[in-house]
Amino acid sequence: LNKNPVEGFSAGLIDDNDLYRWEVLIIGPPDTLYEGGVFKAHLTFPKDYPLRPPIMKFITEIWHPNVDKNGDVCISILHEPGEDKYGYEKPEERWLPIHTVETIMISVISMLADPNGDSPANVDAAKEWREDRNGEFKRKVARCVRKSQETAFE
């Protein structure tokens with residue numbers, strides 16, 4: 001990532017002595033409600049990575065259908081590999097060892113631009129996104145964007 005940076009995020013170790021815990025900064029994608037936001041998140045890799053996916057958690061408050069209220073990101077490529085016991089996701093949509101920090105971050109940035117309202121981690125945000133996207137949902141996201149800008153470099 002240092003040699004070939006990807007637009008929209010930066011990533012690095014939280015502690016140089018721990019390769020399993022990363023901090024990422026995600027810039028809200030242009031032409032979305034999240035534009036201008038600077039969202040901090042942690043990626044925690046399991047000891048058997050890349051066979052199992054990392055866990056991603058937003059540290060900066062964010063209002064989004066696919067991020068639960070405690071910040072955990074819920075997207076297909078971060079789900080354990082194999083069959084989905086609920087039959088919602090195909091195995092190839094879930095974690096595969098070929099995924100990298102770059103593919104995870106591209107998926108998260110895409111998620112910000114285009115939430116999956118059919119499989120919400122935050123039911124309240126999903127309901128607002130479906131029913132009042134330009135009202136209450138937009139106001140809550142704008143508040144999170146402002147707050148993220150104020151706390152981005154603390």
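The shortest distance between side-chain heavy atoms of Asn116 and Ser119 falls below 4.5 Å. With contacts defined as side-chain heavy-atom distances shorter than 4.5 Å, the pair Pro54/Thr44 does not qualify. Between Phe9 and Ile109 there is a side-chain heavy-atom pair separated by less than 4.5 Å.
A salt bridge links Lys69 with Asp124: the closest approach of a Lys/Arg side-chain nitrogen to an acidic carboxylate oxygen falls below 4.0 angstrom. Looking at Arg133 and Glu128, no side-chain N of the basic residue comes within less than 4.0 Å of a carboxylate O on the acidic one, giving no salt bridge. We find that Arg143 and Glu61 are joined by a salt bridge, their nearest charged nitrogen and carboxylate oxygen being less than 4.0 Å apart. Remark: Arg139 engages Glu136 in a salt bridge, criterion side-chain N to carboxylate O under 4.0 Å.
Side-chain atoms of Thr60 never come within 3.5 Å of backbone atoms of Phe39 as a donor-acceptor pair (strictly under, hydrogens ignored). With Ser110 contributing its side chain and Ile106 its backbone, the two residues share no donor-acceptor pair below 3.5 Å. In terms of modelled atom types and a separation under 3.5 Å, the side chain of Arg21 and the main chain of Leu13 share no donor-acceptor contact. Of the possible donor and acceptor atoms, one in the side chain of Asp84 sits under 3.5 Å from a partner among the backbone N and O of Glu89. Proximity of a side-chain donor or acceptor of His79 to a complementary backbone N or O of Pro53 within less than 3.5 Å is not detected.
To the nearest 0.5 Å, atoms CD (Glu35) and CG (Leu112) are separated by 12.5 Å. From Ile26, atom CD1 reaches atom OG of Ser10 across 9.5 Å, with rounding to the nearest 0.5 Å. Of the inter-residue distances, the one linking Ser76 atom OG with Tyr88 atom OH reads 6.5 Å to the nearest 0.5 angstrom. With values rounded to the nearest 0.5 angstrom, Ile27 atom CD1 is found 10.0 Å from Glu7 atom CD. Separating the OG atom in Ser107 from the CD1 atom in Ile77 is a distance of 3.5 Å, to the nearest 0.5 Å. Once rounded to the nearest 0.5 Å, the distance linking CD1 of Ile59 with OG1 of Thr151 reads 11.0 Å.
Nearest heavy atoms, Pro65 versus Trp129: CG-CB, 4.0 Å. Here the closest non-hydrogen pair linking Pro29 and Ala113 is CG-N, 4.5 Å. Nearest heavy atoms, Tyr34 versus Ile62: CE2-CG1, 3.9 Å. Across all their heavy atoms, Leu96 and Pro91 have their closest contact at CD2-O, 4.4 Å. Residues Ala121 and Cys74 come closest through the heavy atom pair CB-CB, 3.7 Å. In terms of heavy atoms, Lys138 sits closest to Leu33 at CG-CD2, 3.7 Å.
Linking ILVMFWY side-chain heavy atoms closer than 4.5 Å, directly or via other members, places Val108 and Ile98 in two distinct hydrophobic clusters. Cluster annotation: Val24 is connected to Tyr20 through the hydrophobic network of ILVMFWY side chains, with a link wherever side-chain heavy atoms come within less than 4.5 Å. The cluster map of Ile, Leu, Val, Met, Phe, Trp and Tyr, joined by side-chain heavy atoms under 4.5 Å apart, puts Ile104 and Leu19 in the same cluster.
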Residue pair Ile14, His42: steps toward the side-chain contact (heavy atoms from CB on, under 4.5 Å) verdict: CA-CA 8 Å; Ile14 292 172; His42 288 169; 3.6 Å; yes
Steps toward side-chain contact (heavy atoms from CB on, under 4.5 Å) verdict (Val73, Phe58): CA-CA 7 Å; Val73 175; Phe58 276 96; 3.5 Å; yes
Verdict with reasoning, Trp22 to Val101, per side-chain contact (heavy atoms from CB on, under 4.5 Å): CA-CA 10 Å; Trp22 289 39; Val101 172; 3.7 Å; yes
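For residues 45-60, every residue pair satisfying the salt bridge (charged side-chain N to carboxylate O under 4.0 Å, His left out) rule, not counting sequence neighbours, is listed here: Asp48-Arg52, Arg52-Glu80, Lys57-Asp72.
Taking the six-membered ring where tryptophan is involved, the planes of Phe45 and Tyr49 are perpendicular, since the angle between them exceeds 60° and thus also 30°.
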